[in-house]
*Asks:* 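Have a look at the structure that comes next, please.
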Amino acid sequence: MYFPAKIIVFNKIDLSVLLLRSMAELNKVRVRFAPSPTGGLHLGGVRTVLYNYLFARQHNGRFILRIEDTDQSRYVPGAEEYIFNCLKWVGLEPDESVIHGGSFGPYRQSERKALYRQYAEQLVKEGYAYYAFDTPAELEEMRSRYKTDQNPSPQYDHTVRSAMRNSLAMSESEVQKLLAENARHVIRIKMPEAETVRFTDMIRGEVSFNTAVVDDKVLLKADGMPTYHLAVVVDDHLMEISHVFRGEEWLPSAPVHILLWRYLFGAEAMPQWAHLPLILGPNGKLSKRDGAKYGFPVFAMNWTDPATGELTEGFKEKGFLPEAFINLLALLGWNDGSEQEIFSKDELVEKFSLERVHSGGAKFDYEKAKWFNHEWIKKLQVSGLREQVKQVLGNSGIRVTDEQLLDNVLALVKERCTLLTDFAEQAGFFFKAPGKYDMDAVKPKWNETKQAFFLKLLQAYNPKDSWKPDELETLFKEMVTAQKIKVGELMLPLRIMLVGGKFGPGVFQIAGLLGKEETVLRIRKFLDLLQ
RNA sequence: GGCCCGUUGGUCAAGGGGUUAAGACGCAUCCCUUUCACGGAUGAAUCACGAGUUCGAUUCUCGUACGGGCUACCA
């Protein structure tokens, strides 16, 4: 009597679990970053990657990287590999891509070329698009003909299309003849003459457009490649993308994409859109130029233009930690509402939410960016810094052989380094005696008494068996008190002897790490130099 | 020019009808530190403007101004 009831209950549970699972499959989150491999990876691009990544991780979804290389004239060798290197550096690697694989490939649009034409043709057949045979010269002619002060950039739209050479204006037989002759042509979307297209953006709410003022965008180019507009819609559908995050600069062409979705795959199937606020420079959208002009990086990593050989410095080489780079990017347009500003990647995955992304653009502040890096250098354990600092020291000709010393040095100096490159100055002298000294800090005030003092110091330090900072300091101060000189008057010269300049941690801390031998050697060397 | 999006200190920003309008960066001054940092303290905003709604608008509505984006067979 009791048993059957129990079995029924179990069955119910199994059913609901199954139901939930299939619903989860249906609503599977799939997002994508779709860069065009034409040059360096802009910090705005990395932020888009980040938001995609965070959203995917948060929803147990997949993050896809699709290469949008439909413009063959803009092909730049190496750019694609460079993008992957950047993503690897920041630790935001895709689940599916050209190199990560996946079952929705190919992930490079140029390899999907054959796919797009049928969709464009279908649109023509259904009256949503048309063939256009206008040559570049004819387009140019149209633009200059309609150009006025009131209308500085005439569009190819419903007001002019009947006066152009396209399948809407020409006779059926004429069109067929041209097509049979393989005449160069494009396929353009036929924008409705007056319709309001609206959609709900996840960041800015309802946005609406009047199709009358949107032009008949080219969907399929004369070379058979799709334009961005056709390709995004087709690929987002085929790759089952659920949410699209892209820059605000795409907002004006959103109605084209909405319409294409409606015509091709149905509005219900459309992914949700989120147009991210722009990252601004001192004047407008942040550009590579701004970086060069104001002296801060814009690209994630160094990028050398293969055509011109021009090098653009990246955040990595400038001395940024990937942790800091991600952190500062996340906060450029988003915050969790609390006072917290330092977030690890895991915390971001946990706390990020689209609802808290701003709609207004944010001006990039390099000073604040450096602050984030400083915070992360302070926060990170030496183990997280070791390899990167070795690299930095290596770049200035210092090879680290004593790993233990490196760890001690890092712990001692990291709080005074804002960029990783600062370690060259702040840590370098521990491994290599100063090559030159800040003589101005010593010479003007140097005298016989001081010279004598240091000789005596040498005599006191040399025979010491233990070598602890505290003891060295006490001994030093005891000896100074015997003189009629201020402690500072002698401490600064000692610093210069050991460090070379007026910087670094406490002098005796330095001496401690340097060891007796090296400390004595440096003092003696300097004294000789002054003779 | 047209269309779209936006507007809280120099910058990033919290707050969304009644608040002394958070916090951070940067800046300035001071304290700590016999270097430089770190750390601590203090200082600086009539919430773009004008109407409206309201007992009351930074917060809601509408205009204006300003800023930005788009306006290619580029993405």
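Numbers restart at 1 for each chain; the letters A, B, ... are given by sequence-line order, proteins then strands.
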*Asks:* What distance, rounded to whole Å, do you find between the two P atoms, one in B/A65 and one in B/U11?
*Replies:*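 Taking atom P in both B/A65 and B/U11, they lie 22 Å apart.
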
*Asks:* Suppose you measure atom P in B/U7 against the same atom in B/C12; what distance do you get, rounded to whole Å?
*Replies:*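 One P to the other, the span is 12 Å.
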
*Asks:* List the atom pairs, donor and acceptor, that lie under 3.5 Å between side-chain atoms in residues 493-509 of chain A and the rest of the protein, sequence neighbours left out.
*Replies:*
residue  : atom : partner  : partner atom : Å
A/Arg495 : NH1  : A/Phe503 : O            : 2.6
A/Arg495 : NH1  : A/Gly504 : O            : 3.4
A/Arg495 : NH1  : A/Pro505 : O            : 3.2
A/Arg495 : NH2  : A/Pro505 : O            : 2.9

*Asks:* Return each pair, listed once, that meets ring-ring contact (aromatic ring centres under 6.0 Å, His included) where at least one residue sits in residues 201-221 of chain A; pairs must be two or more places apart or across chains.
*Replies:*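 Of all non-adjacent pairs touching residues 201-221 of chain A, none passes ring-ring contact (aromatic ring centres under 6.0 Å, His included).
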
*Asks:* Mind checking the C1' distance from B/A51 to B/A13? Whole angstroms is fine.
*Replies:*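 Going atom to atom, C1' in each nucleotide, I get 29 Å.
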
*Asks:* Please say whether more than 12 non-hydrogen atoms of neighbouring residues, nucleotides or ligands are located less than 6.0 Å from NZ in A/Lys370.
*Replies:*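 Yes - once you tally the heavy atoms of other residues, nucleotides and ligands closer than 6.0 Å, there are more than 12.
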
*Asks:* For A/Arg289, look at atom CZ and say whether over 12 heavy atoms of other residues, nucleotides or ligands are found less than 6.0 Å away.
*Replies:*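 Atom CZ in A/Arg289 is not crowded, with 12 or fewer foreign heavy atoms closer than 6.0 Å.
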
*Asks:* Suppose the criterion is side-chain hydrogen bond (donor to acceptor under 3.5 Å, both in side chains): which pairs have a residue in residues 150-161 of chain A, not counting sequence neighbours?
*Replies:*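 Non-adjacent pairs meeting side-chain hydrogen bond (donor to acceptor under 3.5 Å, both in side chains): A/Asp134-A/Tyr156, A/Tyr156-A/Asn166, A/Asp157-A/Thr159, A/Arg161-A/Asp216.
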
*Asks:* Using whole Å, report how far CG of A/Leu410 lies from P of B/A37.
*Replies:*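 Value for this atom pair: 21 Å.
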
*Asks:* Do A/Asn210 and A/Thr196 pair up side chain to side chain, a donor and an acceptor below 3.5 Å, judged on atom types alone?
*Replies:*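 A/Thr196 and A/Asn210 do not have a side-chain donor-acceptor pair below 3.5 Å.
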
*Asks:* Which pair of heavy atoms, one from A/Arg108 and one from A/Val98, lies closest together, and at what distance?
*Replies:*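 Taking A/Arg108 first and A/Val98 second, the nearest heavy atoms are NH2-CG1, 2.8 Å.
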
*Asks:* Which is true for A/Thr38 with a 4.0 Å heavy-atom rule: it touches a base, it touches only sugar-phosphate, or it touches nothing?
*Replies:*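 Touches nothing.
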
*Asks:* Counting Watson-Crick and G-U wobble pairs whose two distances are both under 3.5 Å, find the runs of 3 or more in a row that involve RNA chain B.
*Replies:*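 So far as stems of 3 or more pairs are concerned, RNA chain B shows B:1-7 with B:65-71, B:10-12 with B:23-25, B:27-31 with B:39-43, B:48-52 with B:60-64.
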
*Asks:* Assert yes or no for the condition that the ring centre distance of A/Phe423 to A/Phe430 is strictly below 6.0 Å.
*Replies:*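 No.
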
*Asks:* What interatomic distance, in whole Å, is found between C1' of B/C70 and the corresponding atom of B/A48?
*Replies:*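 About 24 Å, rounded to a whole number of Å.
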
*Asks:* Remember a base hit wins even if backbone is also touched, and classify A/Val499 as base, sugar-phosphate or nothing at under 4.0 Å, heavy atoms.
*Replies:*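 Since no nucleic acid heavy atom lies under 4.0 Å of A/Val499, the category is nothing.
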
*Asks:* Rounding to a whole Å, what distance do you find between A/Gln150:CD and B/G2:P?
*Replies:*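 From A/Gln150 CD to B/G2 P: 7 Å.
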
*Asks:* Would you say B/G39 has OP1 or OP2 under 4.0 Å from some side-chain N or O of A/Lys378?
*Replies:*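 For A/Lys378, the contact criterion (side-chain N or O under 4.0 Å from OP1 or OP2 of B/G39) is met.
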
*Asks:* Residues in side chain to side chain donor-acceptor pair (under 3.5 Å) with A/Thr38, at least two apart?
*Replies:*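 Not a single residue meets the side chain to side chain donor-acceptor pair (under 3.5 Å) criterion with A/Thr38.
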
*Asks:* Can you check the A/Leu412 CG to B/U35 C1' distance for me, whole Å?
*Replies:*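 Distance check: A/Leu412 CG to B/U35 C1' gives 14 Å.
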
*Asks:* Under 6.0 Å from the ring centre and within 45 degrees of the ring axis: does the NZ or CZ of A/Lys368 meet both conditions for the six-membered ring of A/Trp371?
*Replies:*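 That pair qualifies as a cation-pi contact.
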
*Asks:* Over how many whole Å does the gap from A/Phe429 atom CZ to B/C36 atom C1' extend?
*Replies:*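 About 10 Å, once rounded to whole Å.
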
*Asks:* Any chance you could list the contact pattern along nucleotides 70-75 of chain B? Use B for base contacts, S for sugar-phosphate-only contacts and - for none, protein heavy atoms under 4.0 Å, 5' to 3'.
*Replies:* SB-BBB

*Asks:* Assert yes or no for the condition that the ring centre distance of A/Phe299 to A/Phe315 is strictly below 6.0 Å.
*Replies:*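 No - the distance between ring centres of A/Phe299 and A/Phe315 does not fall below the 6.0 Å cut-off.
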
*Asks:* Do A/Gln483 and A/Lys450 meet the criterion of a side-chain donor-acceptor pair at a distance under 3.5 Å?
*Replies:*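 Judged by distance alone, the side chains do not pair up.
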
*Asks:* Under 3.5 Å between N/O atoms: give me all the protein pairs with nucleotides 12-16 of chain B, atom names plus distance.
*Replies:*
residue : atom : partner  : partner atom : Å
B/C12   : OP1  : A/Lys363 : N            : 2.9
B/A13   : OP1  : A/Gly333 : N            : 3.3
B/A13   : O3'  : A/Asn335 : ND2          : 2.9
B/A13   : O3'  : A/His358 : NE2          : 3.3
B/A14   : OP1  : A/Asn335 : ND2          : 3.0
B/A14   : OP1  : A/His358 : NE2          : 3.3
B/A14   : O3'  : A/Arg356 : NH2          : 3.4
B/G15   : OP1  : A/Arg356 : NH1          : 3.2
B/G15   : OP1  : A/Arg356 : NH2          : 3.4

*Asks:* Would you indicate what A/Gly284 reaches in the nucleic acid, counting non-hydrogen atoms under 4.0 angstrom: base, sugar-phosphate, or nothing?
*Replies:*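 Sugar-phosphate, backbone atoms only, no base.
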
*Asks:* Assign the ring pair A/Phe133 / A/Tyr131 to parallel, tilted or perpendicular, where the plane angle (0 to 90°) is split at 30° and 60°.
*Replies:*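 Answer is tilted, since the angle falls between 30° and 60°.
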
*Asks:* Suppose you measure atom P in B/G26 against the same atom in B/C62; what distance do you get, rounded to whole Å?
*Replies:*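 Rounded to whole Å, the distance is 40 Å.
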
*Asks:* In terms of heavy-atom contacts, does CD of A/Glu138 have more than 12 from other residues, nucleotides or ligands at under 6.0 Å?
*Replies:*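 Yes, the 6.0 Å shell around CD holds more than 12 heavy atoms from other groups.
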
*Asks:* With a 4.0 Å heavy-atom cut-off, tell me which residues in residues 469-484 of chain A come close to RNA chain B, sorted by residue number.
*Replies:*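 Heavy-atom cutoff 4.0 Å gives no residues at all.
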
*Asks:* With sequence neighbours left out, what residues match A/Glu350 under side-chain contact (heavy atoms from CB on, under 4.5 Å)?
*Replies:*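 With sequence neighbours excluded, A/Glu350 shows a side-chain contact (heavy atoms from CB on, under 4.5 Å) to no residue whatsoever.
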
*Asks:* Can you tell me the distance, in whole Å, between the NE2 atom of A/His374 and the P atom of B/A37?
*Replies:*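 Rounding to the nearest Å, NE2 of A/His374 and P of B/A37 are 10 Å apart.
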
*Asks:* Can you name the side chain to side chain donor-acceptor pair (under 3.5 Å) partners of A/Arg262, sequence neighbours left out?
*Replies:*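 Side chain to side chain donor-acceptor pair (under 3.5 Å) list for A/Arg262, sorted by chain: A/Glu195.
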
*Asks:* Under 3.5 Å, which N/O atoms of the protein pair with N/O atoms of nucleotides 19-21 of chain B?
*Replies:*
none

*Asks:* On RNA chain B, compare the nucleotides closest to A/Glu375 and A/Ser359; which residue's is nearer the 5' end?
*Replies:*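 With A/Glu375 and A/Ser359 compared, the 5'-side residue is A/Ser359.
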
*Asks:* Return a table of donor-acceptor pairs under 3.5 angstrom between the side chains of residues 244-251 of chain A and protein atoms on other chains or two or more places apart.
*Replies:*
residue  : atom : partner  : partner atom : Å
A/Arg246 : NH1  : A/His275 : NE2          : 2.9
A/Arg246 : NH2  : A/Tyr228 : OH           : 3.1
A/Arg246 : NH2  : A/His257 : NE2          : 3.2

*Asks:* Roughly, in whole Å, what's the span from CZ in A/Arg204 to C1' in B/C5?
*Replies:*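 Nearest whole value for this atom pair: 6 Å.
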
*Asks:* Look at the side chain of A/Arg416 and decide which nucleotide, out of B/U35, B/G69, B/U34, has an atom nearest to it.
*Replies:*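 That would be B/U35.
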
*Asks:* Can you check the distance between B/A57 and B/A21, where both ends of the measurement are the C1' atom (answer in whole Å)?
*Replies:*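 Those two atoms are separated by 13 Å.
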
*Asks:* In whole Å, I'd like the distance from the CG atom of A/Asp440 to the C1' atom of B/U35.
*Replies:*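 Going from CG in A/Asp440 over to C1' in B/U35 covers 15 Å.
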
*Asks:* Please state the C1' separation for the pair B/C38 and B/C31 - nearest whole angstrom.
*Replies:*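 Nearest-Å result for B/C38 against B/C31 at atom C1': 14 Å.
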
*Asks:* Between B/U20 and B/A44, how far apart are the two C1' atoms, rounded to whole Å?
*Replies:*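 My reading of the C1' atoms in B/U20 and B/A44 gives 15 Å.
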
